[in-house]
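Notes follow the structure.
The figures here come from the full heavy-atom set of this structure, side chains too, leaving out hydrogens, waters and symmetry mates. Counting starts at 1 for both ligands and their atoms, in listed order.
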Amino acid sequence: MNEFALLYPPDIRFGWGCRESLAEMLSGLDVEPSKKTLFVCSESACASGLVEPLLHVCGSTASDVFTGVPHDPALEIVDAIVDQCRELDAKVVVAIGGGSVIDAAKAAAVLAPLEGTTADYFHGRRAITGAGLPLIALPTTAGTGAEITKNSVLSDHATGVKKSLRSPHMVPCAALVDPQLTVSMPSALTAASGLDALTQAVESFLSLKANSVSRALARQAVPLLMEFLPRAFLDGSDQAARTAVAEGSLLSAMAFSQSGLGAVHGLAHPIGLDLDLPHGLVCAVLLPHVLHWNASVCGPALDTLALEVALPDGAAFVARVETLCGELGISANFAGTALKGSIDHIVANCRSGSMAANPRPMSDEDVRNMLERLA
Ligand SMILES: [Fe+2]
């Protein structure tokens, strides 16, 4: 039986230059009287000539800017954004940056009106009970999909736990996906974020929780990403390539947000936290290995994806993913990192919803064997 309930931001806009709609969107929000706005912005985005004008659309007395969100944002960063929201008496949050910036902003927007600390909600001591502040998201990378999802990936360094804080109230009220904002990404970030998007599309397509809508979206995302990522990697100013990759990333997010993911994401969270490596990079290293693991139970699905990229069969598709990762400068394994010493912790912390949705089950022993081969 194919049953699903779809949850997306009510307003998703895509297109070169569509960031210009921000002022109109803000003026349309029903948050009278002050409409004071906190911008949560990556430092590189703030300095960009494309983003800087957006920070002034509310006028200087009606807005403030929070910068300094690192990758794998910690609970304390969310607390700091909440504090700034309260000091400003913000009624709206606008997040402009990569997945970490948007995730931290989403958590802060929903928690700002609530009692307690981020840790209380992250560890389940309190529940998110209301809609929070409306949030508009403008991604400056093409990969994570944070601009449309209901979760925020956060890290508690005190307990060594990286996981999602989730609530339907965390879905942004609007997403402005402007590929022009991704033009200044350096090539390594283009590769890692784009391969995160590809991982999400492929894992969504293969997920045990996939439905007809998520499969249709994932199937469209895969060829856009596989064909155009090498072009965007080689020439960041290639408008057609940036647009196709951003579109593939959005479709990938619209797919996985409804279907869940798989073992790459299940493993990527504890590995990223333990090795202090960016999420997209970890996904990109893992993707070929997990595809090889899944191939024995996903033959027809991989054959379908192969057709989308004009390859003869699923084996050729997996081989192409492997060569693509190599062409984009991704290592074949985690050699040279501290992975070996973290295997016990990763095995103990990988049992998320993503692992449960993987088409071929992985026991703790299976995970351990894979990690030992990759260390
Ligand atoms: Fe991801």
#### Entry: Separation between CZ of F39 and CD1 of I136, rounded to the nearest 0.5 Å
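Going from the CZ atom of F39 to the CD1 atom of I136 covers 8.5 Å.
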### Task
Look up atom CG in D83 and atom CG in L88, then write down how far apart they are to the nearest 0.5 Å.
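Rounded to the nearest 0.5 Å, the CG-CG separation comes out at 12.5 Å.
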### Query
Is the distance between the Fe ion (ligand 1) and the nearest N/O/S atom of Q200 smaller than 2.8 Å?
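Within the cut-off used here (under 2.8 Å), Q200 does place an N, O or S atom near the Fe ion (ligand 1).
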### Query
Has C283 got an N, O or S atom lying less than 2.8 Å from the Fe ion (ligand 1)?
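For C283, the answer is no, given that no N, O or S atom comes within less than 2.8 Å of the Fe ion (ligand 1).
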### Task
Ignoring hydrogens and angles, state whether a donor on the side chain of D196 or S193 is under 3.5 Å from an acceptor on the partner side chain.
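No pair is found: no donor N or O on one side chain lies under 3.5 Å from an acceptor on the other.
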### Query
So, E76 versus H157: side-chain donor-acceptor pair below 3.5 Å or not?
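No, no side-chain donor-acceptor contact under 3.5 Å.
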### Query
By atom name, which N, O or S atom belonging to D196 lies closest to the Fe ion (ligand 1)?
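Within D196, restricted to N, O or S, the Fe ion (ligand 1) is closest to atom OD1.
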